[in-house]
**Student:** 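Could you have a look at this structure, given as structure tokens, before my questions?
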Number of protein chains: 2
Amino acid sequence: MLNKTRFVSPATEVRIRQAIQDLNYEPDHIARSLRARRTLTVGLLVSDIANPFYADIVRGAEDVLSERHYSLILCDTDEAPERELASLRLLRQKKVDGLIIVPTGANVAPLYEANSAGLPIVLVDRKLPGDLLDTVVVGDQAGAYQATCHLLEHGHRRIGVIIGKASISTTDHRRKGYEQALIEHGLSPDPTLVRDGHSSIEGGAAAARELLDLAPRPTAIFSTNNLMTVGLFLAIKQRRLCCPKDIAVASFDDMVWLSVFSPGLTTIAQPNYEIGKRAAELLWDRMAGKQDSPRIIVLPPQLIVRESCGHGLPQSDA
Amino acid sequence: MLNKTRFVSPATEVRIRQAIQDLNYEPDHIARSLRARRTLTVGLLVSDIANPFYADIVRGAEDVLSERHYSLILCDTDEAPERELASLRLLRQKKVDGLIIVPTGANVAPLYEANSAGLPIVLVDRKLPGDLLDTVVVGDQAGAYQATCHLLEHGHRRIGVIIGKASISTTDHRRKGYEQALIEHGLSPDPTLVRDGHSSIEGGAAAARELLDLAPRPTAIFSTNNLMTVGLFLAIKQRRLCCPKDIAVASFDDMVWLSVFSPGLTTIAQPNYEIGKRAAELLWDRMAGKQDSPRIIVLPPQLIVRESCGHGLPQSDA
DNA sequence: CTGAAAGCGCTTACAG
DNA sequence: CTGAAAGCGCTTACAG
């Protein structure tokens, strides 16, 4: 009766407010959710909250959603399709009003089915075939293109690339951007220079070792996400090489920490927080019942030039 | 009836399972929660999920809780007491079965009240006066003591310290560890060498500038958390100084990223993930009805020696 | 052993 | 305009 659903006489209102005070009454959200058929809760499914990229996204979403009185249930998938599926199912049982998800790419149908069944969903960081759901991504191909061009402009011709997991849209797009840049510069992409880093630190390190052990060694390496970049630098250290002197590096993803340590990493920064924020706003519209066709938002990446690409060809300095 | 609450004849069971299949039945968790008076949901209140320290803690908690079929509602407080209070209230209305919280320190009574009212709570990262709640912290004083001793052993006598927000237990403890080390080495703590960095990047930078502008300049600075360390390095850069040549640095908190960039940061690593994991386990016991007195778990910090303290007094190298 | 009723705490129509 | 009943989808005692 206090939900402003109709007029209440001032006298009764005072009486009721008094009672609320006296009894220390707090409404029960569970009962309210059951009856009102909405929980004011949203599910947030990310690969790994310990990865700062996703943590920033979550923060962006949290800020807009909490301000609108929504809570958020967080789940990590670890890129495991079965975990993703289990979480999706649980979240539906818990009757979340909406879902923001970084899809593994392996559960397309269940996601579309859930959406058709009335669950608003917005995809984040990765697209899904068909583009049937609201999506917020970054211009991955453009970003990778920029990074590779930057390397090419520094005179590099043998540029290795560490790519992420297959089945993730960013992997394809970033690889495409890399190849596009090479081709536009009259080079033909060499398959031996592209290695799968599995989007992880260990995978990145292994891929980097393969690249560094090639003869002749590439003069530059483009690592396509933050975790693999850590692996790359681990490998560089292990091989007792020095960046940018022995090997130039361009990367994807940025963090404050990277701005103060050496070598200053030249990287493609993504608007992490903004991704989460925009996703939450899209979701908000859907939860409010907006019915138009799926919106695909592509946010611009930004090349941050620091020092890891050197000022020219690395070995020419030596 | 399928909740294993009593025997069901095989025939009926088959019939029911068939119906579940046919109707695509999924239990409604909201209705279940209302009736069963438990939600299988836990609240997680941290300062800022975008801070990798807290993200790791959340991950640790998520792993043990999700395995036990609990979901987790995430809230950021931004160290704002009113946000903390609002979240606590909301979480209670949403009838979470338990709460893991990094307390701001400003809402002690409400936390104790909620706990008395039957809400299991475990404190994380920070203690609260009275120690009335289960708590998982790190040996902050011991850690700060170790870091400071390390600096002292490298010949430093004028050691600045950037401390965090007042009202947070870690701030006091880390400051105490710093002073203890000085005293044990026959030095008397100099108040002009301790600056408040407000536990933030900007605050850390401002505090660092004050320290770096002192005449004579301290030969070393101990920064007591990850954010303030970023600020410290920003200030070092701004003043065109070089670590460890011009100024030695010891820090608190570690990250994989720090292991591959220069200068290798000598720091006190906390077992972030473990903190979250242990907290979740404590909470689990409480939610299961365990009734003994509050358990205060103090996890050991670990000194990671890299290169930011140099091999001796910084200016003697110059 | 099993069916049917009561009730969790709200909100939402429905009478008056 | 306002009170009282019905009902959200479950679980939990209670009969049979």
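In the text below, chain A, chain B and the rest are named by the order of the sequence lines, each starting its count at 1. Since we're looking at a predicted model, the values are computed, not measured.
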**Student:** Within 45° of the ring axis of A:Phe252 and under 6.0 Å from its six-membered ring centre, is that where the NZ or CZ of A:Arg174 lies?
**Tutor:** yes
**Student:** Send over the distance from A:Arg35 CZ to D:dC8 P, rounded to a whole Å.
**Tutor:** 7 Å
**Student:** To the nearest Å, how far apart are A:Arg38 CZ and D:dG9 C1'?
**Tutor:** 19 Å
**Student:** Taking the side chain of A:Ala36 as its heavy atoms from C-beta onward, which of C:dG9, D:dT12, C:dT11 lies nearest to it?
**Tutor:** C:dT11
**Student:** Closest approach to the side chain of A:Ala31, judged atom by atom: which nucleotide of C:dT12, C:dC10, D:dC8 is it?
**Tutor:** C:dC10
**Student:** Using a 3.5 Å limit for the pairing distances, which stems of at least 3 consecutive Watson-Crick or G-U wobble pairs does DNA chain C take part in?
**Tutor:** C:1-3 with D:14-16, C:5-12 with D:5-12, C:14-16 with D:1-3
**Student:** If the condition is side chain to side chain donor-acceptor pair (under 3.5 Å), which residues does A:Glu84 pass it with, not counting sequence neighbours?
**Tutor:** A:Thr104, A:Asn107
**Student:** Just jot down the salt bridge (Lys or Arg N to Asp or Glu O under 4.0 Å) partners of A:Asp172, sequence neighbours excluded, or say none.
**Tutor:** none
**Student:** Does a side-chain N or O from B:Arg32 land closer than 4.0 Å to OP1 or OP2 of D:dT11, or not?
**Tutor:** yes
**Student:** Quick one about B:Tyr273 and B:Asp63 (side-chain donor to acceptor, distance below 3.5 Å, no hydrogens or angles considered), yes or no?
**Tutor:** yes
**Student:** Determine, stepwise, if the pair B:Arg89 / A:Glu26 fulfils salt bridge (Lys or Arg N to Asp or Glu O under 4.0 Å).
**Tutor:** CA-CA 9 Å; B:Arg89 192 175 163 190; A:Glu26 295 279 354; 3.2 Å; yes
**Student:** Where the side chain of B:Leu34 is defined as all heavy atoms beyond and including C-beta, which of C:dT11, D:dT11, D:dG9 is the nearest nucleotide?
**Tutor:** D:dG9
**Student:** Measure the OG1-CG distance between A:Thr135 and A:Leu128 for me, rounded to the nearest 0.5 Å.
**Tutor:** 7.5 Å
**Student:** Expressed as a whole number of angstroms, how long is the span from B:His29:NE2 to C:dC8:C1'?
**Tutor:** 17 Å
**Student:** May I ask you to verify if any side-chain N or O of B:Arg37 is less than 4.0 angstrom from the OP1 or OP2 atom of C:dC8?
**Tutor:** no
